[in-house]
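See structure below.
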Amino acid sequence: MLVRLKTPEAVARAAAAAVVESAFKAIHEHGEFRLVLAGGRTPRAAYALLATELREEIDWRRVIFYFSDERCVGPDDPASNYRMAREALFDPLKLQGGAVHRMAGELAPGAAAADYDAEIKAVIAARKPAFDLTLLGVGGEGHTASLFPGSPALEEATRTVASVTVPADPPDRLTMTPVALGASREILFLVTGQEKAHALATIFGGGDDLPAARVARLGPSRFLVDEPAASELPESPGRN
Ligand code: 6PG
């Protein structure tokens, strides 16, 4: 499903509201909320809203955080997705320790991927769906998490996490595979900016089977997009 919004701020607000709604449902149903965080720049504003205006809307003691991907850098590196989430969400909420399951970007990629794979496999074995909500972004060429077009990790059928080398900076990454991304009650894509317009038009126009399109078919998914990102979308009944 596609939801068109005017501005990046409106996308952030809608995303934060969706997290609150999903958290309420999950905590009500099973006493905890398992949230997979997206990296990159786009989700930062939504995280900041959750940590400020909406902080009273969620019982943060019952939230368990995971990451959909990470750059192979240390947790204090400016390129670290964990650092972005720490600055925008964890630190303002004074969240530490056990509830935050980060990918160890500072370790050797193979070892870090194997460690997180074991952790995610245990979560998937313990509860279905394993995750209540997974947040993802979309890149200009249609990648999501660190699953880029042509990546062997897209074909992964057993490992939940893989180490990959991507045509972006930094190139070495850890990423959830479709095995883990498909274990979520819902996937929410946050997509803003003109540079995403062609990929979005391809995803919804039925062109090349881009990674984001393939991941979106793994289960219930929603795209929150702003006007510039939606600017090349074909007129279609699914557009609202
Ligand atoms: C990453 C992300 C990646 C991101 C897209 C969009 O680590 O970079 O997980 O998949 O979501 O590249 O990035 P922006 O939000 O910065 O445009």
Side-chain angles (χ1 to χ4, degrees), residues 5 7-12 14-16 19 35-49 65-75 77-89 101-106 109 112-113 116 120 131 133-151 153-154 160-178 180-181 184 187-200 202-203 210-216 218 221-231:
L5 299 147
T7 62
E9 294 72 27
V11 167
V19 171
L35 175 63
V36 179
L37 297 173
R41 293 155 302 178
T42 307
R44 191 181 194 120
Y47 298 163
L49 278 172
F65 300 91
Y66 300 88
F67 284 81
S68 53
D69 75 331
E70 183 58 281
R71 291 87 179 272
C72 292
V73 296
D77 189 290
S80 162
N81 286 335
Y82 166 74
R83 175 175 161 173
M84 181 272 288
R86 187 185 67 209
E87 290 173 350
L89 192 57
H101 298 258
R102 73 176 182 88
M103 293 179 169
E106 67 276 19
Y116 211 67
I120 299 302
F131 308 107
L133 185 63
T134 294
L135 305 178
L136 290 174
V138 175
E141 75 307 87
H143 79 261
T144 193
S146 281
L147 298 170
F148 280 69
S151 171
L154 280 164
T160 61
V161 179
S163 65
V164 293
T165 301
V166 304
D169 187 35
D172 293 329
R173 308 277 184 103
L174 304 169
T175 185
M176 281 189 170
T177 69
L181 297 173
S184 191
I187 296 177
L188 190 64
F189 293 90
L190 287 57
V191 192
T192 63
Q194 182 68 37
E195 72 275 15
K196 313 291 174 69
H198 186 64
L200 213 54
T202 307
I203 292 165
L210 299 177
R214 292 178 63 173
V215 168
L218 294 170
S221 60
R222 226 182 329 166
F223 287 75
L224 302 179
V225 309
D226 70 354
E227 282 296 341
S231 58

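Both counts, for ligands and for their atoms, begin at 1 and track the order of listing.
- Which parts of ligand 1 touch Val138 is read off a 4.0 Å heavy-atom cut-off, strictly below it: atoms 6 (C).
- Annotation for ligand 1: atoms under 4.0 Å from non-hydrogen atoms of Asn81 are 1 (C), 7 (O).
- Using a 4.0 Å cutoff on heavy atoms, Ala145 counts as a contact of ligand 1.
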Subject >> Verdict with reasoning, Met103 to Val161, per side-chain contact (heavy atoms from CB on, under 4.5 Å) >> reply: CA-CA 10 Å; Met103 293 179 169; Val161 179; 4.2 Å; yes
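- Under the 3.5 Å distance criterion, the side-chain polar atoms of Thr144 are matched with a main-chain donor or acceptor of Gly137.
- Here the heavy atom of the protein found nearest to atom 5 (C) of ligand 1 is His143 NE2, 3.4 Å.
- At least one N or O atom of Asp69 sits closer than 3.5 Å to an N or O atom of ligand 1.
- In His101, the NE2 atom is crowded: over 12 heavy atoms of neighbouring residues, nucleotides or ligands sit closer than 6.0 Å.
- Taking distance alone, with nitrogen or oxygen atoms compared against 3.5 Å, Arg41 approaches ligand 1 more closely than that limit.
- Between Thr175 atom OG1 and Leu147 atom CG the span is 4.0 Å, to the nearest 0.5 Å.
- If you number the atoms of ligand 1 from 1 as listed, the ones under 4.0 Å from a heavy atom of Gly137 come out as 11 (O).
- Looking at Lys196 next to ligand 1, an N or O pair under 3.5 Å apart turns up.
- The only member of Leu218, Leu188, Leu181 that meets side chain to side chain contact (heavy atoms under 4.5 Å, CB included) when paired with Thr134 is Leu181.
- In terms of polar-atom proximity, Arg71 is counted as a contact of ligand 1, with an N or O under 3.5 Å from an N or O of the ligand.
- In terms of protein heavy-atom proximity, atom 13 (O) of ligand 1 is nearest to Gly40 CA, 4.1 Å.
- Taking atom 15 (O) of ligand 1 as the reference point, the nearest protein heavy-atom neighbour is Thr42 OG1, 2.6 Å.
- Distances shorter than 4.0 angstrom do not occur between any heavy atom of Leu190 and any atom of ligand 1.
- For ligand 1, the atoms lying closer than 4.0 Å to a non-hydrogen atom of Gly39 are 2 (C), 9 (O), 11 (O).
- Those atoms of ligand 1 that come under 4.0 Å of a heavy atom in Arg173, given as number and element, are 1 (C), 7 (O), 8 (O).
- Tyr66 and Phe131 have perpendicular rings, their planes meeting at more than 60° on a 0 to 90° scale where under 30° would count as parallel.
- To the nearest 0.5 Å, atoms CD (Glu70) and OH (Tyr82) are separated by 10.0 Å.
- No donor-acceptor pair closer than 3.5 Å links the side chain of Asn81 to the backbone N or O of Ala38.
- Put simply, no part of Glu70 is less than 4.0 Å from ligand 1, judged by heavy atoms.
- For the pair Asp226 (side chain) and Val11 (backbone), a donor-acceptor distance under 3.5 Å is absent.
- Between the side chain of Tyr116 and the main chain of Phe67, a donor-acceptor pair closer than 3.5 Å is present.
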